[in-house]
**Q** 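Sharing a structure here in structure tokens format.
In this text, all values refer to a predicted model and were calculated from it rather than measured experimentally. Sequence positions, counted from 1, serve as the residue numbers for this chain.
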Amino acid sequence: MSKPVALKISKSNALTEMECDDDDKKKKKKKAPKCGFIKANEKITLLLDRLKPEIMSLRETIVTVSSWIQMLIPKVEDGNDFGVAIQEKILERLTAVKTKVETFQTNINKYFLERGDAVGKASKETHVMDYRSLVHDKDEAMYSEIRVTLLDIRGFYAEIYDIIIKNEEKVTNPKGEEKSSMY
């Protein structure tokens, strides 16, 4: 068995080597931003965590209602298609709402992309305070966007409910025919 070898290094020698290494590292590394670390806006992140499930829920509702109405459309026949026209108008409106809801998700992704760019510029160009202001402006704009999005979601639910209730008879029975009972 070999004996452990004890290395004797004087403290002054070790410090000199470390100081030299630090000087080389400082020359190679970029300086840390003077303005400090810009972290995510916690309030907006919290609001987005609550908003995203609402967006998904509305999208799922639109798909479900659209499928339901499409299944109620009767086969094509001559005449008495007023109920079918109402069903098609409702489906058109649902498609428009679905497109708008997909835009909500795109806006969230766009916010993170643009904010990330602004934070990157703010950390690189620490002497330009306009970049930090840009980050705050992006956060304020997103807060406003979240508020408007929630109001729109509420409005879309009310609109879908209203249009279906007002046209319930034409949606569920577009031809106005009495269905014969099985018994």
**Q** Whether the N41 and Y143 side chains hold a donor-acceptor pair (N or O, under 3.5 Å, no angle test) is what I'd like checked.
**A**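 No - no donor-acceptor pair under 3.5 Å links their side chains.
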
**Q** Does the side chain of P174 reach to within under 4.5 Å of the side chain of I73, using non-hydrogen atoms?
**A**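 No, too far: nothing below the 4.5 Å cut-off.
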
**Q** Quick one: salt bridge (charged side-chain N to carboxylate O under 4.0 Å, His left out) pairs with a partner in residues 140-161, sequence neighbours left out?
**A**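 Only R93-E159 qualify under salt bridge (charged side-chain N to carboxylate O under 4.0 Å, His left out).
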
**Q** Nearest 0.5 Å please: distance from the CG atom of L113 over to the NZ atom of K138.
**A**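 Taking CG in L113 and NZ in K138, the distance rounds to 9.5 Å.
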
**Q** Apply salt bridge (Lys or Arg N to Asp or Glu O under 4.0 Å) to D162 and list each qualifying residue two or more places apart in sequence or on a separate chain.
**A**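 For D162 the salt bridge (Lys or Arg N to Asp or Glu O under 4.0 Å) partners, ignoring immediate neighbours, are K166.
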
**Q** Checking side-chain contact (heavy atoms from CB on, under 4.5 Å) for the pair F104/L51: CA distance, chi angles, key distance, verdict?
**A** CA-CA 10 Å; F104 296 157; L51 176 64; over 6 Å; no

**Q** For the CD atom of Q70 and the CG atom of L91, what is their distance to the nearest 0.5 Å?
**A**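 One gets 5.5 Å once the value is rounded to the nearest 0.5 Å.
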
**Q** Within a strict 4.5 Å, meaning less than it, do heavy atoms of the W68 and I164 side chains meet?
**A**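 W68 reaches I164 side chain to side chain.
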
**Q** Given the rule in the side-chain contact (heavy atoms from CB on, under 4.5 Å) test, do I163 and V171 qualify, once you have shown the distances and angles that lead to the verdict?
**A** CA-CA 10 Å; I163 199 167; V171 170; over 6 Å; no

**Q** Under the criterion side-chain contact (heavy atoms from CB on, under 4.5 Å), I'd like the reasoning laid out for I62 against I160: C-alpha separation, chi angles, the key distance, then a yes or no.
**A** CA-CA 9 Å; I62 291 169; I160 292 168; 4.0 Å; yes

**Q** One pair to check against side-chain contact (heavy atoms from CB on, under 4.5 Å): T149 and I108. What are the steps and the verdict?
**A** CA-CA 11 Å; T149 299; I108 292 171; over 6 Å; no

**Q** Looking at residues at least two apart in the chain, or sitting in another chain, which of them share a salt bridge (Lys or Arg N to Asp or Glu O under 4.0 Å) with K43?
**A**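 None.
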
**Q** Supply the atom-to-atom distance M142 CE to K110 NZ, rounded to the nearest 0.5 angstrom.
**A**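 Answer rounded to 0.5 Å: 11.0 Å.
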
**Q** Can you name the residues that form a side-chain hydrogen bond (donor to acceptor under 3.5 Å, both in side chains) with K170, not counting sequence neighbours?
**A**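 Applying side-chain hydrogen bond (donor to acceptor under 3.5 Å, both in side chains) to K170 gives none.
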
**Q** Same cluster for L47 and M56 if Ile/Leu/Val/Met/Phe/Trp/Tyr side chains link at under 4.5 Å?
**A**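 Per the 4.5 Å side-chain linkage, L47 and M56 are not co-clustered.
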
**Q** Just by distance, do the side chain of S123 and the backbone of G120 share a donor-acceptor pair under 3.5 Å?
**A**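 Such a contact is found between S123 side chain and G120 backbone.
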
**Q** Any side-chain heavy-atom pair from L58 and K98 closer than 4.5 angstrom?
**A**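 No, every pair of side-chain atoms sits at 4.5 Å or beyond.
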
**Q** What's the separation between atom OG1 in T172 and atom CG in L72, rounded to the nearest 0.5 Å?
**A**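 Going from OG1 on T172 over to CG on L72, the span is 7.0 Å.
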
**Q** So which pairs with a foot in residues 50-64 pass side chain to side chain donor-acceptor pair (under 3.5 Å), sequence neighbours left out?
**A**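 Listed by first then second residue: S57-Y157.
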
**Q** Using side-chain heavy atoms (C-beta onward) and a distance below 4.5 Å, is F156 in contact with K100?
**A**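 F156 reaches K100 side chain to side chain.
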
**Q** For E102, enumerate each residue passing the side-chain hydrogen bond (donor to acceptor under 3.5 Å, both in side chains) test, keeping only those at least two apart in sequence or located in another chain.
**A**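 In terms of side-chain hydrogen bond (donor to acceptor under 3.5 Å, both in side chains), with neighbours along the sequence ignored, E102 is linked to no residue.
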
**Q** Between atom OG1 of T45 and atom NZ of K39, what is the distance when rounded to the nearest 0.5 Å?
**A**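 Spacing of OG1 (T45) from NZ (K39) equals 10.5 Å.
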
